[in-house]
**Q** 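Below is the structure I would like to discuss, written out as structure tokens.
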Amino acid sequence: MTVPPEGLPLAAEFPDATREQWQLLVEGVLRKSGAQNVEGAQAEDALTTELQDGLRARPLYTADDTAADPGHPGFPPFVRGGRAQGSVLSGWDVRQRHAHPDARRSNEAVLADLENGVTSIWLAVGAGGVPVDSLDEVLTGVYLDLASVVLDPGADFVAAAGQLLALYARREVAPQEARGNLGADPLGLLARTGRDEDTDRHLADAVALAVDCVRDHPGLRALTVDALALHDAGASAAQELGASLAAGVAYLRGLTAAGLTVDQACGQLEFRYAATADQFLTIAKFRAARRLWARVAQASGAAPEAAAQRQHAVTSGVMMTERDPWVNMLRTTVACLAAGVGGADAVSVLPFDDALGLPDAFARRIARNTQSILLEESHLARVIDPAGGSWYVEQLTDELARAAWAWFQEIERAGGQRAALTSGLIREKVAATWAERSAGLAHRREPITGVSEFPNLGEQPVVREQAADRGPAPAGGLPKVRRAEAFEALRTRSDEQLAGTGARPSVFLAAIGPAAVHTGRSSFAANLFQAGGLATVTGEGDGAAALAEAFTASGASVACLCSGDKLYAEHAEAVAAALKAAGARRVLLAGKPGEHREAYQKAGVDGYVFAGCDAVAVLTSVLDEIGAAR
């Protein structure tokens, strides 16, 4: 083997492959799978994934896919990170959330976290969280000059800030050593509650807190631009980013009107975004957010060093499930990794049981150890901007930033964030986005492992103490949604029948022909029905009469035919008719009917289940049918 001269790439002796050659190879694979008329760019388009906000994830990116210059880490436009050293020196800030209303139990949890890898504390204070007047007890034993405290106080931010600042004074913490955020977010509060009557007062109080922090506590920030209200309502990544920009601009205007410089005003803001299990989109979101805020700060006259956005990433509550909650550990791991790679300054991993209520000690331990593994064992923070230079990430960052900027401009044209919230503009746009996504969830185009795919009907429920803020969102505010809600509601209906009768609702799978023929569709149908809490009984027989007899013995009232298309053409009509004669209230067929639809319908087939069908609608109708038969 010839060793190439020093500095010469190993690939130098090989001819460069062209995009056209790659497309030609893809054409061949697609034709073998049955695709027709896929040539050239059409072959590439066939493998392209449509994302929200008009974005597209293509199957191939090359150096020809150019994006805006991301700059260098620590320098405008801060795409590659707000600090030149990234998180290399000490890792990102591991921030754990606490909301237990019992001060003693919250204190125990806080101390356990700080002793085991957590570096800052995020406290939900006031309604639905830690009582305002118990902050002293909750933070007993905490070295406040070492651990940052971030408040999430809702409408109680003035009282909570007063309690925390008084606590710093009693503990003799030097004003310059206090670190954290007082959590004032009047526009985020408006988004969550829909109540605008107190917004002017809240804005004035938040500005006053910021002025006090600049003057007396330079290490404290007063305001949080919390975009979770948008994300929790089902907003897309671009909608989340654009609305956060509009809120940030509104706060900048208020702070500078009160006498702060633009640099001082920027220093009083921290931005909070959701991190999801969509790894690359999350990475792009945090990179795009810094680029967008740097543009806003530049246009406002901020010095380059003041334009770096301070970011707090929180793993998404929308992606969390109540059913099979153990899978949430995997989701939050990917989300945490993406937030770290994306350059977030602080990361909070929600415990795997977050959707069920207040987390227990085990769930908090797993949440903090998730971050410890990524930092200490995977060395994720030892590389500055690990995603930098990826053609896909750079292109996705650029496209997302442009979509978010367009939405930000629309909000500004509508009068700003407050006007867009009170007029219903944001609610309507987010609702439309969630409706579109919900359709994809219902059709299982966006699968939810353990819920809409691979459910476990025999799982033991995980029960947690309920938090005070677990009720429905206030009327008028943005709603709170979760991806799994529709399927979990179906599972709840099944549980209620199990509790009432001792048996789950069931569907009989009429397997036609040998196992090699029917197993594929039998497995598909079983997976689909179980996603709605429906147990399945598979019956095999040598003819329509035998299957009808097995159906009667099963005790089911709904049946589904399962086989290959060839055997359907030969036997489906006879089997469907026999099942109907045996008392089946509804007969479905696994697969698409094709040219036999009319014949199948005459024989008694009432509907079809197939990849891409509306699973929620099918499962709802089956549960309704079974309920009517009881």
Side-chain angles (χ1 to χ4, degrees), residues 68 70-84 150 157 161 175-176 178-188 199-200 202-227 241-273 286-312 343-346 401 404-405 407-409 411-420:
H72 298 286
F75 293 90
F78 300 106
V79 173
R80 306 195 63 193
R83 295 172 294 177
V150 175
F157 66 88
Q176 65 273 17
R179 295 287 186 274
N181 193 307
L182 301 180
D185 185 18
L187 295 177
T199 303
D200 287 328
H202 287 156
L203 286 168
D205 290 342
V207 168
L209 278 179
V211 171
D212 289 345
C213 286
V214 170
R215 182 183 63 241
D216 300 326
H217 295 86
L220 282 178
R221 296 172 188 254
L223 290 106
T224 298
V225 180
D226 191 349
L241 292 181
S244 74
L245 287 185
V249 166
Y251 291 154
L252 280 186
R253 289 170 178 149
L255 294 170
T256 53
L260 296 185
T261 66
V262 174
D263 289 6
Q264 290 171 331
C266 288
Q268 283 299 301
L269 302 180
E270 180 176 63
F271 289 74
R272 183 174 295 145
Y273 296 113
F286 283 89
R287 300 171 96 247
R290 290 191 298 271
R291 170 180 163 183
L292 293 167
W293 184 246
R295 180 70 185 92
V296 167
Q298 178 190 42
S300 301
E305 59 272 14
Q309 186 185 67
R310 174 77 182 178
Q311 295 179 329
H312 175 200
D345 300 286
W405 188 261
W407 170 233
F408 162 64
Q409 290 179 311
I411 293 174
E412 287 295 286
R413 286 193 296 269
Q417 178 78 343
R418 183 177 179 182

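Excluded from the calculations below are hydrogen atoms, water molecules and symmetry mates; all remaining heavy atoms, backbone and side chain alike, are included.
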**Q** Assess, by modelled atom type and distance only, whether the side chains of Thr224 and Asn181 contain a donor and an acceptor separated by less than 3.5 Å.
**A**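 Distance-only check passes for Thr224 and Asn181.
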**Q** Under the side-chain contact (heavy atoms from CB on, under 4.5 Å) rule, collect the residues that match up with Ala208, sequence neighbours excluded.
**A**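 For Ala208, no residue satisfies side-chain contact (heavy atoms from CB on, under 4.5 Å) once neighbours in sequence are set aside.
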**Q** Please list, chain by chain and in numerical order, all residues satisfying ring pair (Phe, Tyr, Trp, His ring centres under 6.0 Å) with Trp293, sequence neighbours excluded.
**A**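 With neighbours one apart ignored, the set is Phe271.
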**Q** Do Asp345 and Arg290 meet the salt-bridge criterion of a basic N to acidic O distance under 4.0 Å?
**A**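 No.
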**Q** Which atoms form the tightest heavy-atom contact between Leu223 and Ala210, and what is the distance?
**A**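 Answer, listing the atom of Leu223 first, then Ala210: CD1-CB, 3.8 Å.
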**Q** Which heavy atom of Val79 sits nearest to which heavy atom of Pro70, and what is that distance?
**A**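 Answer, listing the atom of Val79 first, then Pro70: CB-O, 3.7 Å.
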**Q** Using the side chain to side chain donor-acceptor pair (under 3.5 Å) criterion, which residues pair with Gln268? Sequence neighbours excluded.
**A**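 Partners of Gln268 under the side chain to side chain donor-acceptor pair (under 3.5 Å) test: none.
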**Q** Kindly write out the residues that satisfy side chain to side chain donor-acceptor pair (under 3.5 Å) with Glu412, not counting sequence neighbours, or none if the list is empty.
**A**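 If we apply the side chain to side chain donor-acceptor pair (under 3.5 Å) test to Glu412, skipping adjacent residues, the hits are Arg253.
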**Q** Do you know which two heavy atoms are closest between Ala302 and Val262, and how far apart they sit?
**A**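 Of all heavy-atom pairs spanning Ala302 and Val262, the closest is CB-CG1, 3.6 Å.
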**Q** State, to 0.1 Å, how close Ser244 and Ala227 come at their nearest heavy-atom pair, and which atoms those are.
**A**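 Smallest interatomic distance, heavy atoms only, reads CB-CB, 4.2 Å.
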**Q** List for me each residue that meets side chain to side chain donor-acceptor pair (under 3.5 Å) alongside Arg221, sequence neighbours excluded, and say none if there are none.
**A**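 Checked Arg221 against side chain to side chain donor-acceptor pair (under 3.5 Å); zero matches.
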**Q** Any chance you could measure Asp212, atom CG, to Leu220, atom CG, to the nearest 0.5 Å?
**A**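 So the CG of Asp212 and the CG of Leu220 are separated by 11.0 Å.
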**Q** State which residues pass ring pair (Phe, Tyr, Trp, His ring centres under 6.0 Å) with Tyr251; sequence neighbours excluded, sorted by chain then number.
**A**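 Once residues adjacent in sequence are excluded, Tyr251 has no partner under the ring pair (Phe, Tyr, Trp, His ring centres under 6.0 Å) criterion.
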**Q** Return the set of residues passing side-chain contact (heavy atoms from CB on, under 4.5 Å) with Ala419 (not counting sequence neighbours), or none when no residue passes.
**A**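 Scan of Ala419 (side-chain contact (heavy atoms from CB on, under 4.5 Å), adjacent residues dropped) gives none.
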**Q** Can you tell me how far the CZ atom of Arg83 sits from the CZ atom of Phe75, to the nearest 0.5 Å?
**A**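 Here the interatomic distance stands at 14.0 Å.
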**Q** List in chain and number order the residues that pass side-chain contact (heavy atoms from CB on, under 4.5 Å) with Ala247, two or more places apart in sequence or in another chain; answer none if no residue qualifies.
**A**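 Ala247 satisfies side-chain contact (heavy atoms from CB on, under 4.5 Å) with Leu187, Val225, Gln417 once adjacent residues are dropped.
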**Q** Can you sort out the partners of Asp263 under side chain to side chain donor-acceptor pair (under 3.5 Å), two or more places apart, ordered by chain and number?
**A**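 Asp263 satisfies side chain to side chain donor-acceptor pair (under 3.5 Å) with no other residue.
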**Q** Heavy atoms only: give me the nearest Leu269-Gly248 pair and the separation to one decimal.
**A**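 Closest heavy-atom pair between Leu269 and Gly248: CD1-O, 4.0 Å.
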**Q** If you round to the nearest 0.5 Å, how far is OH of Tyr273 from NE2 of His312?
**A**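 So the NE2 of His312 and the OH of Tyr273 are separated by 13.0 Å.
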**Q** Taking side-chain contact (heavy atoms from CB on, under 4.5 Å) as the definition, give me every residue that meets it alongside Gln298, ordered by chain and number, with sequence neighbours left out.
**A**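 So Gln298 forms a side-chain contact (heavy atoms from CB on, under 4.5 Å) with Arg295.
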**Q** Evaluate the side-chain proximity of Arg179 to Val150: yes if any heavy-atom separation is below 4.5 Å, no if none is.
**A**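 Result no, sub-4.5 Å side-chain heavy-atom pair not found.
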**Q** Rounded to the nearest 0.5 Å, what's the gap from CZ on Phe157 to CG on Asp205? Could you check?
**A**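 One gets 5.0 Å once the value is rounded to the nearest 0.5 Å.
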**Q** Can you find a heavy atom in the side chain of Val214 that is under 4.5 Å from one in the side chain of Leu260?
**A**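 Yes, at least one pair of side-chain atoms sits under 4.5 Å.
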**Q** With no hydrogens and no angle check, is any side-chain donor or acceptor of Arg80 less than 3.5 Å from a backbone partner on Pro77?
**A**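 No: the side chain of Arg80 does not pair with the backbone of Pro77.
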**Q** What is the minimum heavy-atom distance between Gly343 and Gln311, and which atoms define it?
**A**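 Looking at all heavy atoms of both residues, the closest pair is O-OE1, 3.8 Å.
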**Q** Only counting residues at least two apart or in another chain, list the ones meeting ring pair (Phe, Tyr, Trp, His ring centres under 6.0 Å) with Phe408.
**A**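 Partners of Phe408 by the ring pair (Phe, Tyr, Trp, His ring centres under 6.0 Å) criterion, ordered by chain and then number, come out as Trp405.
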**Q** Working to the nearest 0.5 angstrom, can you tell me the gap between Arg418 CZ and Ile411 CD1?
**A**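 Arg418 CZ to Ile411 CD1: 15.5 Å, rounded to 0.5 Å.
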**Q** Would you please name every residue forming a ring pair (Phe, Tyr, Trp, His ring centres under 6.0 Å) with His217, sequence neighbours left out?
**A**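 With neighbours one apart ignored, the set is empty.
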